[in-house]
Amino acid sequence: MRGTPRTRRIPRPALGVLIGATALFTAGTLATPAGAAPEPGPSPARVHSVPASAQQQARDFWTPERMRSAVPLDLLDADARSTDAAPRAGRPATVASTAPTAGTADVGPAAFPNGGGAWTGGGAVVNTAGRVFFTYQGRTASCSANAVTSANKSTVITAGHCVKLEGAWHTDWVFVPGYHDGQAPHGRWTATKTLSTPQWTASEDINYDVGAAVVAPLDGQRLTDVVGGQGLAFNTGYNLRMYAFGFPAAAPYDGQKFIYCSGTTNRDFLLSNDHGMGCDMTGGSSGGPWFTQFNEATGTGLQSSVNSFKYNFLPNRMYGPYFGADAQNLYQAAQSS
């Protein structure tokens with residue numbers, strides 16, 4: 001273990017959530033179709049299946065009032081949940097976006113870099129990203145997530161702690177793309193399966209804090225046929241330009257606004273192998289997407305990490321896991337479910 005810094009905790013009444021960073025994608029990487037096999041050696045993803053009766057219960061449970069009152073998860077301790085083992089690497093690979101590309105964003109000259117502000121540009125990201133709601137230890141809780149291109153058109157990427165924490169899979173799990181003010185403009189999509197990396201499932205290693213969900217069809221339609229799907233990038237390298245999005249719910253935010261950060265990332269030199277970015281998003285943004293090659297005009301990019309954690313002595317810097325071979329294997333397991 002390197003060093004002994006501790007992460008910042010959101011007060012227990014707020015049930016503060018992990019917040020994190022993402023990885024950028026380098027130019028000239030090898031394009032990989034959605035059905036291609038992952039690069040070598042990752043362990044199988046861990047899968048939790050949700051019965052049909054529980055799916056209906058979750059859809060009925062999340063009323064606008066419960067969504068507004070859901071609180072973010074508690075912030076994890078980085079020093080208690082990290083290892084020196086770097087994520088397994090493979091060849092760079094990308095998955096193309098299937099989100100609409102009509103130019104709608106108009107965020108102005110402050111879009112990059114930005115330490116945290118409301119995303120006013122529109123574009124595909126306001127539909128593919130959303131809030132996640134679930135029950136954790138008897139409490140209603142929230143995270144953020146994003147819909148991605150997938151063979152099953154039903155795959156959502158989030159943080160590992162947004163699907164499983166302290167040995168238990170979350171229940172009543174739903175994804176609400178385009179969420180705002182208790183409203184679900186594209187519906188509440190219930191998970192048929194939630195998944196995470198074997199390292200997160202076994203020991204909650206922050207280097208592998210990546211999760212996924214497969215959601216059931218809604219009104220006869222599949223998720224990305226309704227909201228589109230962002231692309232992905234794996235094994236991107238470090239020190240890249242990235243954009244991060246989420247729905248922070250802890251002060252000074254309230255979970256009702258779609259917030260973004262942008263900047264050039266670097267590799268964490270303390271307790272993880274994660275990417276780091278200057279960003280003041282708070283609890284509730286966990287699991288929100290980080291993009292490389294993000295196009296402000298269309299709101300599309302390649303998802304390369306998720307919001308994961310902060311150190312208490314770096315309150316304006318987020319960290320997120322490197323999307324290596326195990327993250328790629330998780331994505332393959334989800335999209336083939």
Side-chain angles (χ1 to χ4, degrees), residues 6-20 54 57-78 81 116 118 129-146 156 158-184 188-191 194 196 200 204 206 209 211 213 244-261 279-289 306-312 315-316 318-320:
R6 306 286 291 182
T7 53
R8 180 169 63 91
R9 280 191 176 273
I10 304 299
R12 173 65 66 171
L15 291 178
V17 79
L18 279 175
I19 28 192
Q57 174 183 313
R59 186 177 295 113
D60 295 340
F61 179 80
W62 287 107
T63 62
E65 292 73 22
R66 283 198 173 110
M67 288 192 290
R68 290 190 191 99
S69 63
V71 293
L73 286 178
D74 216 9
L75 193 64
L76 300 184
D77 288 327
R81 300 173 184 268
R131 289 187 77 180
V132 171
F133 298 95
F134 50 87
T135 299
Y136 165 66
Q137 295 186 347
R139 309 178 182 102
T140 57
S142 71
C143 277
S144 301
N146 183 59
V156 177
T158 187
H161 68 274
C162 295
V163 297
K164 185 178 188 288
L165 186 61
E166 296 180 354
W169 295 92
H170 303 322
T171 58
D172 301 320
W173 202 100
V174 301
F175 174 55
V176 183
Y179 173 91
H180 63 88
D181 192 30
Q183 302 304 305
R188 298 183 297 275
W189 300 75
T190 59
T194 49
S196 190
W200 178 260
E204 297 186 352
I206 59 171
D209 183 20
F245 293 86
F247 290 85
Y253 300 104
D254 61 5
Q256 306 307 313
K257 297 180 179 64
F258 191 40
I259 304 300
Y260 85 103
C261 296
C279 186
D280 69 0
M281 280 197 278
T282 61
S285 62
S286 287
V306 296
N307 298 331
S308 180
F309 77 93
K310 279 187 173 181
Y311 293 107
N312 64 348
N316 294 318
M318 295 198 304
Y319 292 87

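Side chains included, hydrogens not; waters and symmetry mates left out as well; all remaining heavy atoms used.
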CD on E204 to CG on L165, rounded to 0.5 Å:
5.0 Å

What residues form a side-chain hydrogen bond (donor to acceptor under 3.5 Å, both in side chains) with T158, not counting sequence neighbours?
none

Please name the pair of heavy atoms, one in T190 and one in A58, separated by the smallest distance, quoted to 0.1 Å.
CG2-CB, 4.2 Å

Checking ring-ring contact (aromatic ring centres under 6.0 Å, His included) between F133 and each of F247, Y179, W189, which is the one that passes?
Y179

Is a side-chain N or O of R131 found less than 3.5 angstrom from the main chain of G255, in a donor-acceptor match?
yes

Tell me the closest heavy-atom pair linking S308 and D209, and the distance in Å.
OG-OD2, 2.7 Å

Knowing that exactly one of T140, T171, V174 qualifies, which makes a side-chain contact (heavy atoms from CB on, under 4.5 Å) with F61?
T140

Closer than 3.5 angstrom, by distance alone: can the side chain of W200 be matched with the main-chain N or O of G160 as a donor-acceptor pair?
yes

Counting the benzene-type ring for Trp, do Y319 and Y311 have ring centres under 6.0 Å apart?
yes

Pairs satisfying salt bridge (Lys or Arg N to Asp or Glu O under 4.0 Å), at least one member in residues 60-69, at least two apart:
R68-D181

Nearest 0.5 Å, what's the CZ-CH2 distance between F134 and W62?
8.0 Å

Residues S144 and G284: closest non-hydrogen pair is OG-O, 2.9 Å

So which atom in M281 and which in G246 form the shortest heavy-atom distance, rounded to 0.1 Å?
SD-N, 3.9 Å

If I compare all heavy atoms of E166 with all of Q137, which pair ends up nearest, and what's the gap?
OE1-NE2, 2.8 Å

Short question: side chain of K310, backbone of T282 - any donor-acceptor pair under 3.5 Å?
no

Separation between CZ (F175) and SG (C162), nearest 0.5 Å, reads 12.0 Å

Could you report the tightest heavy-atom contact between N307 and H161, atom names first, then the distance?
O-CE1, 4.4 Å

Gap separating the OH atom of Y136 from the OG atom of S142, nearest 0.5 angstrom:
13.5 Å

To the nearest 0.5 Å, tell me how far I259 CD1 sits from Y253 OH.
5.0 Å

So, taking the atom named CD in Q256 and the one named CE in M67, what distance separates them when rounded to the nearest 0.5 Å?
9.5 Å

